[in-house]
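Just the heavy atoms: all of them, side chains too, but no hydrogens, waters or symmetry mates, feed the values below. Residue numbers start from 1 in every chain, and the chains themselves are labelled A, B, ... in the order their sequence lines are given, proteins ahead of strands. None of the values given here were measured: they were computed from a predicted structure.
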Amino acid sequence: MASLVSCPHCGLRPKEEFTIRGAALRRPEPDASPEVWFEHVYLRDNPRGEHEEYWHHTAGCRRWLVVSRNTATHETGTVLDAAAHLKAETSA
Amino acid sequence: MRYSAFSIFRNALRGNRGWAPAWRMPDPKPHYDVIIVGGGGHGLATAYYLAKEFGIRNVAVVEKGYLGSGNVGRNTTIIRSNYLLAGNNPFYEFSLKLWEGLEQDLNFNAMVSQRGVLNLYHSDAQRDAYTKRGNAMRLHGVDAELLDRAAVRDMVPFLDFENARFPVMGGLLQRRGGTVRHDGVAWGYGRGADSLGVDIIQHCEVTGIRRENGRVTGVDTTRGFIGCSKLGLAAAGNSSRVAEMAGLKLPIESHVLQAFVSEGLKPFVDGVVTYGAGHFYISQSDKGGLVFGGDIDGYNSYAQRGNLATVEHVAEAGKAMMPALSRIRVLRSWGGIMDMSMDGSPIIDRTDLDNLYLNAGWCYGGFKATPASGYCFAHLLAHDAPHPTATAFRLDRFARGLMIDERGAGAQPNLH
Amino acid sequence: MPDRATPSMTPPANRLHRTVLSEAKPQESESIRIAPLPEGHVVEVLAKTTGADLRSNLESLTSKDTACPVRAGGPGQWFIVGNRPLSRSEMDVLLKSLEPKADCVDQSHGRIRIEIGGAKVEQVLAKGTAVDLALCAFPVGHATPTQIGHVSTHLTRTAQDNFEIMVLRGFAQSLWDEICLMAREYT
Amino acid sequence: MTSYRLSGGGLIDRSTPIGFSFDGRALEGYQGDTLASALLANGQQLVGRSFKYHRPRGILTAGSAEPNALLTVGTGPRTEPNTRATMQELYEGLEAKSQNRWPSLDFDAGALNGLLSPFLGAGFYYKTFMWPAPLWEKLYEPLIRRAAGLGKATRETDPDSYEKCWAHCDLLVIGSGPAGLAAALTAGRAGARVILIDEHSNAGGSLLSETAIIHGMGAQDFAARIASELASLDNVRILTRTTVFGWYDDNVFGAVERLQKHVSAPKAHLPVERLWRIVAKRALLATGSEERPLVFGGNDIPGVMMASAMRSFLNRHAVAPGKAVAIFTTNTSGYALARDLVAAGVNVEAIIDSRAEPEPVPGIEKIRVIKEGLVTEAKGGRALEAITIAHGGKSENLKADALAMSGGFSPIIHLACHRGGKPVWSEENSCFLAPQNRTGISLAGSVNGVDGIAACLNDGAVRAASLIQSLGFPVTAQEFGPVEGDMLCPPSPPLWSVPGSRGKAFVDFQNDVHTGDLDLAVREGYGDVELAKRYTTNGMATDQGKLSNVNAIGLLAEVRGLSPAEIGTTTFRPFYTPVSFGALTGTAHGGHFRPVRKSPLHDWAANNGAIFVETGLWYRSSWFTRDGETTWRQSVDREVLNVRRNAGICDVSMLGKIEIMGADAAEFLNRVYANGFLKLPVGKARYGLMLREDGHIFDDGTTSRLAEDRYFMTTTTAYAADVMSHLEFCAQVLWPDLDVRLTSVTDHWAQMAIAGPKARSILANIVDDDISNAAFPFLAAREVSLFGGKVAGRLFRISFSGELAFELAVPAGFGEATADAIMEAGRPHGIQPYGIEALSVLRIEKGHVTHNEINGTVVPADLGFGRMVSSRKPDFVGKHLINREGLVASDRLQLVGLIPVDPKARFRAGAHILKADDAATLENDQGYVTSVAYSPHVGSTIGLALVRRGFERLGEEVVAWNGLHNEVTRCHLCNPVFVDPDNERLHA
Ligand SMILES: Cc1cc2nc3c(=O)[nH]c(=O)nc-3n(C[C@H](O)[C@H](O)[C@H](O)COP(=O)(O)OP(=O)(O)OC[C@H]3O[C@@H](n4cnc5c(N)ncnc54)[C@H](O)[C@@H]3O)c2cc1C
Ligand SMILES: NC(=O)c1ccc[n+]([C@@H]2O[C@H](COP(=O)([O-])OP(=O)(O)OC[C@H]3O[C@@H](n4cnc5c(N)ncnc54)[C@H](O)[C@@H]3O)[C@@H](O)[C@H]2O)c1
Ligand SMILES: Cc1cc2nc3c(=O)[nH]c(=O)nc-3n(C[C@H](O)[C@H](O)[C@H](O)COP(=O)(O)O)c2cc1C
Ligand SMILES: [Zn+2]
């Protein structure tokens with residue numbers, strides 16, 4: 001995608017309703033080493049293919065979403081509320 | 001074969017059957033002193049200067065597509081050296097100086113045309129920021145002028161001076177800025193490098209980087225393994241992917257930037273004008289098309305194409321700045337993949353692999369850097385030490401907190 | 001010590017509340033109607049436990065002087081709206097009554113409501129929002145936040161051919177002008 | 001009218017003549033004409049000059065692929081260069097001008113280039129114009145620029161309006177030929193939401209040019225009948241005069257509708273163009289096919305035309321192409337034309353067919369057919385006079401004033417390629433077919449390689465049925481009855497180049513690319529199809545190679561000895577045909593470019609004489625002029641002094657305001673701010689520093705604790721939106737386990753600062769509660785009651801100016817009344833409103849920072865806030881990278897004050913700092929001036945600056961260097977607090 005995102009709360013919406021933050025990274029634990037923090041803030045896998053990203057439905061429900069998107073084809077997969085995504089992750 | 005009015009004349013009389021190829025189509029040799037990954041502007045310029053300035057001629061440039069198929073062939077061709085920070089400014093001025101003598105050096109007309117770059121400002125804050133930048137330029141002896149509204153109006157009378165939502169207050173002008181014919185740059189450097197013995201190997205994609213005890217031995221490609229003593233990466237939008245082949249993770253995201261060209265017109269805009277109250281910059285190519293662009297789409301992409309929302313966003317800013325664009329028709333839009341770095345500035349440095357060198361992170365500003373980037377990368381490859389104008393473009397600057405952040409946007413690539 | 005307020009300083013009741021779209025004149029044609037709604041009350045309700053559905057609780061609390069007084073916002077978020085301004089005490093009662101379940105915020109002065117209706121209402125709104133407005137996709141009572149032009153709004157279908165747009169006060173005039181422009185071909 | 005117009009037939013209304021002009025000549029056409037058909041009817045074959053060689057050019061096609069007939073239409077601010085005469089409908093008073101010629105179309109000086117053509121081969125300009133270097137900008141380039149380009153655009157402002165619109169549908173059908181009509185009807189009858197789009201003025205596609213009989217009806221009537229049934233279905237929307245220009249991600253299509261490009265006087269209440277963004281569950285491309293030119297010498301002479309175009313002018317516009325017509329074809333297309341020409345009584349000299357054994361076709365028995373024949377040259381200057389034919393080893397000269405050509409057909413697959421798919425060469429169809437990967441879309445009709453009206457009708461119906469079936473619609477296949485008189489056009493082997501061709505044979509007509517250029521490109525190493533395109537500019541003109549690309553590929557294949565499949569195509573990109581800035585912009589231009597955001601106190605400020613300035617989307621009051629004040633400085637100085645002496649009131653409603661609620665709100669704030677917030681007591685406000693995760697300052701502001709679990713945060717105006725999104729990120733993504741809720745209340749509150757020694761006495765008149773220093777000390781923050789209980793407000797004892805000050809927030813609707821009341825209560829105390837200019841002076845005098853200083857590159861320590869950053873907190877945003885070498889380096893830029901040695905001297909923000917006697921070089925740069933103001937309090941210009949090692953250099957003399965303005969000002973570095981360093985006024 002990048003024309004429309006299907007917000008789990010609002011339905012199909014155009015790109016301009018969103019703010020894109022980028023790679024959906026987990027924030028390290030507070031006591032993590034400086035190296036870990038550096039990597040978190042500055043280094044990116046930047047894959048060609050499947051990519052999980054944070055999108056904010058700024059002009060909509062104002063929820064942060066995790067959008068799975070293919071950076072080569074722009075096809076979108078699942079779109080989850082960030083909270084739901086976290087649960088899914090932690091349970092998995 | 002030398003190009004000149006005379007050679008054109010002579011060949012014309014022979015039905016133009018006498019022209020020699022601009023470059024050879026060599027098969028890869030088993031081993032090179034230096035392999036450059038990426039046949040874009042930077043890769044080709046690097047090879048050219050390696051051969052010409054540093055006497056290293058056993059060089060190959062491997063390019064996965066056709067020569068110049070990357071960003072060098074799809075950018076809006078603006079060159080300038082109007083930078084604020086000491087880490088940037090001297091480098092880009094060095095580049096502009098190289099542009100100024102390029103045609104004679106290459107014996108190829110890349111149409112370097114310094115018709116000026118005018119950045120508009122619309123508020124006191126913007127004016128002050130441009131004053132700060134312009135003075136940094138002046139301190140380094142770079143030409144810069146701060147124009148007021150009247151002066152801008154004299155230069156470009158058909159901007160919106162009547163009912164603009166964000167009135168034009170003035171602009172920062174660099175007269176030596178301008179445009180260069182994108183393809184001419186790739187072809188000129190390619191032809192120049194080839195004539196000095198460099199092998200330009202097109203349609204040859206690097207698929208792996210072989211390493212033995214901390215050193216690179218060569219690259220696997222779609223045309224087989226090619227050995228090298230030194231490997232230089234100049235893969236622009238694909239830097240992360242190529243570096244990954246050597247186990248490196250970069251402070252880079254790949255983003256798509258779109259560019260546009262209008263139908264061909266008689267002279268409409270002379271120099272380059274950039275809008276200050278939205279994302280828009282425009283110039284006119286010597287073919288007559290208005291070449292313009294704006295902001296990146298904002299999402300990671302390797303697709304070389306963007307979406308309509310951004311197209312409209314760009315057009316809106318364009319008409320807001322220049323109402324007369326309204327009835328002009330946009331002919332074509334395309335996209336390029338840029339290596340957006342974490343501070344908006346490039347990297348020209350060694351890596352923790354002994355003989356692997358990196359040239360990346362050029363964002364949407366690397367075309368103007370082509371000559372200096374090639375020169376400085378060649379310098380690094382040849383001497384293992386950075387060129388004096390490129391000492392700040394270190395890979396470890398993020399870990400050490402020495403970012404070169406012109407915009408102050410922080411570690412958020414799509415904001416640079 | 002209310003008496004300390006010298007009467008001269010106290011604005012006359014009729015001048016105390018200045019409405020933002022007071023100048024805007026309603027548009028009316030056979031196919032489209034646009035009118036500003038009274039600056040009554042808008043209460044934003046934020047459920048304390050995510051996923052909790054308070055709609056039923058909320059319905060009972062509305063001053064039923066407008067269509068669809070309870071409107072969904074984001075998840076666990078609703079707006080209670082009404083045409084009549086609530087007195088401080090009324091407002092306090094309303095806020096208190098929900099305290100255990102939700103945090104409530106008085107947005108009465110921060111949100112302006114505009115009504116738009118008529119046979120061509122879908123065509124006109126389609127010039128602003130990307131939301132599919134067909135009745136099958138956007139039934140009566142459905143409400144959603146969406147962008148109209150460049151402005152964030154909250155859209156509610158209050159009848160087959162009638163919508164309400166809620167917008168930040170600061171953008172109200174700008175949005176009003178935009179909507180009139182959108183409707184121009186029918187007015 | 002002239003003899004080129006047929007007496008009968010065609011979709012024109014002979015009872016409605018339309019007057020128009022071409023290069024100033026008054027001409028007449030009919031309702032239903034295009035500009036092209038009207039010109040042809042008037043015998044005007046020559047319509048333009050080519051790009052490079054200025055060769056005479058005529059009308060080549062009858063559609064959107066037209067490369068030659070590009071005219072400047074309209075006058076004044078409505079001037080439109082490069083308009084395709086073939087797509088421009090005629091309207092009364094239309095003024096058309098030919099382009100790229102001087103002094104006139106008939107006698108064009110530029111034609112000299114034709115003689116120079118050997119020197120102007122592909123890419124010649126890359127090889128010369130290099131000596132002497134200075135001449136490039138001075139001479140060569142200006143000449144090239146003047147020669148290049150086509151039409152001349154107006155620089156006037158467009159008087160017409162545009163708009164954008166969204167549309168949603170189950171099935172989007174692009175193209176209204178037999179395939180498209182059948183598809184739309186099938187889906188429409190099944191009840192699906194259908195949009196049918198065609199770029200022409202009427203639905204029908206090629207049927208409008210057909211003479212076949214469908215279901216007992218003429219093709220044209222058949223099209224009209226289907227169109228009218230579709231129009232009667234309210235689940236179907238037909239958009240004619242609309243071009244789908246791009247296929248984007250998620251099956252979004254961009255289209256532009258030309259509502260008023262065919263009328264004399266556009267109606268003001270309607271847009272001239274409308275941009276559609278169409279969200280289609282499924283889409284069907286029924287876009288037809290493009291006929292390919294043949295590449296032989298002189299194939300560009302006026303009078304040479306595509307066969308199907310000639311047929312279109314004949315059958316649709318009742319225009320005869322000439323008096324003696326020859327037809328050069330590789331397939332039956334030419335025969336269909338011949339049949340119709342004969343039927344219309346036009347004299348056909350011969351059909352030259354490249355094939356050895358063309359299957360015979362009925363209706364043309366009397367016509368001479370030359371088998372295995374080739375046209376090796378077309379002769380003539382501004383009009384075709386004769387052609388040379390080679391057949392059976394001999395060459396023959398034939399007089400003709402019109403020559404039709406058909407080299408076969410290329411499916412119009414552009415849209416299907418816009419999302420990265422590469423077309424595939426089909427040997428048996430001898431054309432490129434659409435890419436395989438195409439989710440969401442499907443193709444029908446001749447774009448799908450289907451031949452014949454009946455087959456296309458059926459294909460359209462079948463494809464549409466399966467598409468909407470996949471969406472769950474029950475469908476019944478549609479029947480369209482028998483088709484008579486349709487001439488099938490099976491693919492025939494392509495004829496890329498014509499052996500023995502003489503003279504320039506053009507491939508790309510508009511860019512003057514001929515076969516020799518492609519040869520040269522290959523010879524010089526530019527043989528890759530993409531390089532050849534760029535080196536020769538083939539396919540880069542306004543028609544984007546609709547006619548030339550495939551021929552160029554065929555020719556490259558021949559020269560390089562490869563197959564077209566191996567050569568491949570160049571990349572198809574939007575726009576299918578060019579789209580105006582106006583359409584892409586809609587209403588968002590001029591004053592409407594971006595919305596306006598107004599403070600609830602806007603009118604109050606206006607009534608008090610405010611001069612407004614745009615800050616972001618807001619309008620803010622800069623200053624308030626008083627009678628007798630002639631310069632802004634006078635007003636600002638007065639406002640500033642009055643705040644310090646008496647009191648002032650300032651609108652600060654634009655500050656971002658965020659309500660933060662929940663049991664963990666305190667913990668939340670403690671993690672988003674760098675300084676501690678856990679211990680902030682109820683009823684108190686605290687200044688807070690927000691960092692980015694990279695340790696730099698993000699934003700600052702004050703946050704007040706209204707209750708145990710409720711806070712009120714203010715942010716800077718500029719960063720209000722970013723801070724809100726950031727907090728939502730923290731709450732929803734980083735710490736979802738915290739019990740906290742946020743919402744923006746910026747617009748609910750009107751907020752005003754009341755500052756100055758008299759502030760308290762004034763407020764006491766409207767605030768019911770006790771606000772004495774004891775009861776309401778510095779940093780107190782509480783809900784208060786106003787006007788004897790009429791209004792509940794929020795009062796904060798905070799100060800940006802450094803004076804005794806309050807910020808009062810009231811519900812926005814009460815803002816103006818409250819401000820009026822404060823002005824009234826303050827009159828005896830001399831209160832005056834002040835704007836952001838004065839506010840800025842006051843805060844600079846006090847050394848308070850804004851985003852001039854917080855410019856994204858500073859860390860707290862740079863501003864002297866080092867101690868604020870908690871070392872005890874285990875975690876907060878920005879904690880973990882703030883101790884990096886570069887961020888703690890001793891030579892960082894640090895915040896200092898700046899004051900000129902000579903009080904009368906001035907300096908500006910953006911000046912750089914140099915050591916007193918250092919040379920002006922970048923190496924010697926010591927920092928820069930961030931904020932500057934004239935301080936009436938100090939009596940001179942003062943400033944804030946970020947200076948290397950600034951803290952330890954107070955008192956040092958430096959220069960503020962401003963080369964841009966030739967200003968070098970000697971200054972002293974000083975403490976940034978210029979007034980009341982001990983904060984006595986603050987606490988008064
Ligand atoms: C739309 C757009 C507009 C721009 N406008 C401007 C502007 O106005 N001014 C300006 O200064 N800059 C501009 N830029 C930025 C500028 O174009 C780039 O920074 C610059 O061209 C990058 O250097 P390059 O030319 O070497 O990159 P490229 O030309 O992209 O070269 C990199 C090459 O590496 C090749 N490659 C990648 N991976 C492999 C592999 N595995 N094996 C072999 N080869 C590989 C690619 O095919 C490519 O050809 C713009 C960029 C874009 C996209
Ligand atoms: N003359 C010949 O020998 C020959 C050759 C090929 C096809 N044909 C015939 O032509 C007919 C083809 O029918 P069909 O329905 O497939 O196509 P069509 O050519 O009848 O209709 C296609 C329509 O789509 C429009 N169009 C194309 N791209 C568009 C876009 N991006 N936006 C808007 N409109 C667009 C065209 O203007 C045209 O009106 C058949 O009858 C076929 O036999 C004839
Ligand atoms: C400066 C510049 C000018 C261009 N001018 C034209 C033009 O006049 N006509 C055209 O069709 N394309 C033009 N293009 C776009 C190219 O055709 C092409 O789209 C672009 O180089 C990207 O390559 P791609 O589309 O093959 O991916 C221009 C590109 C650039 C960078
Ligand atoms: Zn949403």
S.K.: Check Asp694(D) against Ala411(B) and note the closest heavy-atom contact, atom names and distance.
M.R.: OD2-N, 3.8 Å
S.K.: Considering only heavy atoms and a distance below 4.5 Å, find which of Arg594(D), Met540(D), Arg146(D), Glu156(D) pairs most often with chain B.
M.R.: Arg594(D)
S.K.: Rounded to the nearest 0.5 Å, what's the gap from CG on Leu67(B) to CZ on Arg534(D)? Could you check?
M.R.: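 One finds 11.0 Å between CG of Leu67(B) and CZ of Arg534(D).
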S.K.: Can you tell which part of Ser285(B) gets under 4.5 Å to a heavy atom of chain D, answering side chain, backbone, both or neither?
M.R.: backbone
S.K.: Atom CD of Glu263(B) and atom OG of Ser580(D): how far apart are they, to the nearest 0.5 Å?
M.R.: 10.0 Å
S.K.: Please classify the contact of Arg2(B) with chain D as side chain, backbone, both or neither, using a heavy-atom distance under 4.5 Å.
M.R.: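 The side chain, not the backbone.
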S.K.: Of the backbone (N, CA, C, O) and the side chain (C-beta and beyond), which part of Asp124(B) lies under 4.5 Å from a heavy atom of chain D, both, or neither?
M.R.: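 Side chain of Asp124(B) only, per the 4.5 Å heavy-atom cut-off to chain D.
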S.K.: When you check the side-chain N and O atoms of Glu141(D) and Ser113(B), is any donor under 3.5 Å from an acceptor?
M.R.: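 Judged by distance alone, the side chains do pair up.
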S.K.: Would you call Glu885(D) and Arg397(B) a salt bridge, using N to O less than 4.0 angstrom?
M.R.: no
S.K.: Between Phe9(B) and Phe119(D), how do the two ring planes meet: parallel, tilted or perpendicular, split at 30° and 60°?
M.R.: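 Phe9(B) vs Phe119(D) ring planes: parallel.
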S.K.: To the nearest 0.5 Å, what is the distance between CZ (Arg573(D)) and CG (Leu331(B))?
M.R.: 12.5 Å
S.K.: Kindly determine whether Glu316(B) and Lys164(D) satisfy salt bridge (Lys or Arg N to Asp or Glu O under 4.0 Å), including the steps that lead there.
M.R.: CA-CA 12 Å; Glu316(B) 287 173 4; Lys164(D) 298 180 186 179; 2.8 Å; yes
S.K.: Sort Phe6(B) into side chain, backbone, both or neither according to what part of it lies under 4.5 angstrom from a heavy atom of chain D.
M.R.: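 The answer is neither part of Phe6(B).
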S.K.: For Arg17(B), is it the side chain, the backbone, both, or neither that has a heavy atom closer than 4.5 Å to a heavy atom of chain D?
M.R.: both
S.K.: With side-chain hydrogen bond (donor to acceptor under 3.5 Å, both in side chains) as the criterion, how do His203(B) and Asp528(D) come out once you've worked through the C-alpha distance, each side chain's angles and the decisive distance to 0.1 Å?
M.R.: CA-CA 10 Å; His203(B) 300 289; Asp528(D) 181 291; 2.8 Å; yes
S.K.: Can you say whether the rings of Tyr126(D) and Phe108(B) are parallel (under 30°), tilted (30 to 60°) or perpendicular (over 60°)?
M.R.: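 Parallel: the ring planes of Tyr126(D) and Phe108(B) meet at under 30°.
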S.K.: For Leu964(D), which atoms come within 4.5 Å of any heavy atom of chain B: side chain, backbone, both, or neither?
M.R.: both
S.K.: With a 3.5 Å cut-off and no angle check, do the side chains of Arg329(B) and Thr83(D) form a donor-acceptor pair?
M.R.: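 Yes.
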S.K.: Against chain D, work out which of Gly408(B), Ser326(B), Gly288(B), Ala110(B) has the most heavy-atom pairs shorter than 4.5 Å and name it.
M.R.: Ser326(B)
S.K.: Are Phe268(B) and Lys152(D) close enough that some pair of their side-chain heavy atoms sits under 4.5 Å apart?
M.R.: no
S.K.: Quick one: which of Phe129(D), Phe51(D), Phe124(D), Trp131(D) has the most heavy-atom pairs under 4.5 Å with chain B, could you say?
M.R.: Trp131(D)
S.K.: Could you check Asn962(D) against Thr131(B) for side-chain contact (heavy atoms from CB on, under 4.5 Å), going step by step and ending with a plain yes or no?
M.R.: CA-CA 8 Å; Asn962(D) 188 336; Thr131(B) 309; 4.0 Å; yes
S.K.: Are Asp128(B) and Arg908(D) within salt-bridge range, i.e. N to O under 4.0 Å?
M.R.: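 Between Arg908(D) and Asp128(B) there is no salt bridge, as every charged N stays at least 4.0 Å from the carboxylate O atoms.
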S.K.: Would you say the side chain of His696(D) lies within less than 4.5 Å of the side chain of Met403(B), judging by non-hydrogen atoms?
M.R.: yes
S.K.: With a 4.5 angstrom heavy-atom cut-off, which part of Gln284(B) approaches chain D: side chain, backbone, both or neither?
M.R.: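 Looking at Gln284(B), backbone and side chain both touch chain D.
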S.K.: Salt bridge (Lys or Arg N to Asp or Glu O under 4.0 Å) between Arg327(B) and Asp160(D): does it pass, once the steps are laid out?
M.R.: CA-CA 10 Å; Arg327(B) 289 183 113 90; Asp160(D) 296 327; 2.9 Å; yes
S.K.: Less than 4.5 Å to any heavy atom of chain D: does that hold for the side chain of Gln104(B), its backbone, both, or neither?
M.R.: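 The side chain, not the backbone.
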S.K.: Less than 4.5 Å apart, side chain to side chain, heavy atoms only: is that true for Phe292(B) and Phe581(D)?
M.R.: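 Contact flag for Phe292(B)/Phe581(D) side chains = yes.
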S.K.: Side chain, backbone, both or neither: which part of Met111(B) has a heavy atom under 4.5 Å from chain D?
M.R.: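 For Met111(B), heavy atoms of backbone and side chain both lie under 4.5 Å from chain D.
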S.K.: Are the side chains of Glu614(D) and Pro167(B) in touch, meaning some heavy atoms are under 4.5 Å apart?
M.R.: yes
S.K.: So what's closer than 4.5 Å to chain D heavy atoms on Glu100(B): side chain, backbone, both or neither?
M.R.: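 For Glu100(B), no heavy atom lies under 4.5 Å from chain D.
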S.K.: Would you call Leu150(D) and Leu265(B) a side-chain contact if the rule is heavy atoms closer than 4.5 Å?
M.R.: no
S.K.: Would you say His965(D) and Asn135(B) are linked by a side-chain donor-acceptor pair, where the criterion is simply a distance under 3.5 Å?
M.R.: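 No.
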S.K.: Can you confirm whether Leu139(B) sits close enough to His912(D) that some side-chain heavy atom of one is under 4.5 Å from a side-chain heavy atom of the other?
M.R.: yes
S.K.: Hey, are the side chains of Arg400(B) and Leu887(D) touching, using non-hydrogen atoms and a 4.5 Å cut-off?
M.R.: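 No, too far: nothing below the 4.5 Å cut-off.
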S.K.: Where on Val311(B) is there a heavy atom nearer than 4.5 Å to chain D: the side chain, the backbone, both, or neither?
M.R.: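 Contact with chain D is through the side chain of Val311(B) alone.
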S.K.: Any salt bridge between Arg115(B) and Glu137(D), counting N to O under 4.0 Å?
M.R.: no
S.K.: Heavy-atom cut-off 4.5 Å, strictly under: side chain, backbone, both or neither for Asn16(B) against chain D?
M.R.: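 Both parts, backbone and side chain.
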S.K.: Give me the atom names and distance for the closest heavy-atom approach of Ala315(B) to Leu584(D).
M.R.: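 Answer, listing the atom of Ala315(B) first, then Leu584(D): CB-CB, 3.5 Å.
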S.K.: Mind checking whether Met130(D) and Asn107(B) have side chains closer than 4.5 Å, heavy atoms only?
M.R.: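 The answer is yes; the side chains approach within 4.5 Å.
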S.K.: Tell me, side chain or backbone of Val269(B) under 4.5 Å from chain D's heavy atoms, or both, or neither?
M.R.: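 For Val269(B), backbone heavy atoms alone lie under 4.5 Å from chain D.
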S.K.: Does a side chain donor of either Tyr928(D) or Arg133(B) reach within less than 3.5 Å of an acceptor in the other side chain?
M.R.: no
S.K.: Please classify the contact of Ala22(B) with chain D as side chain, backbone, both or neither, using a heavy-atom distance under 4.5 Å.
M.R.: both
S.K.: State plainly whether the residues Arg305(B) and Asp249(D) are in salt-bridge range, i.e. N to O under 4.0 Å.
M.R.: yes
S.K.: With distance as the sole criterion, is a donor-acceptor pair present between the side chains of Asn100(D) and Lys266(B) under 3.5 Å?
M.R.: yes
S.K.: Less than 4.5 Å to any heavy atom of chain D: does that hold for the side chain of Ala409(B), its backbone, both, or neither?
M.R.: backbone
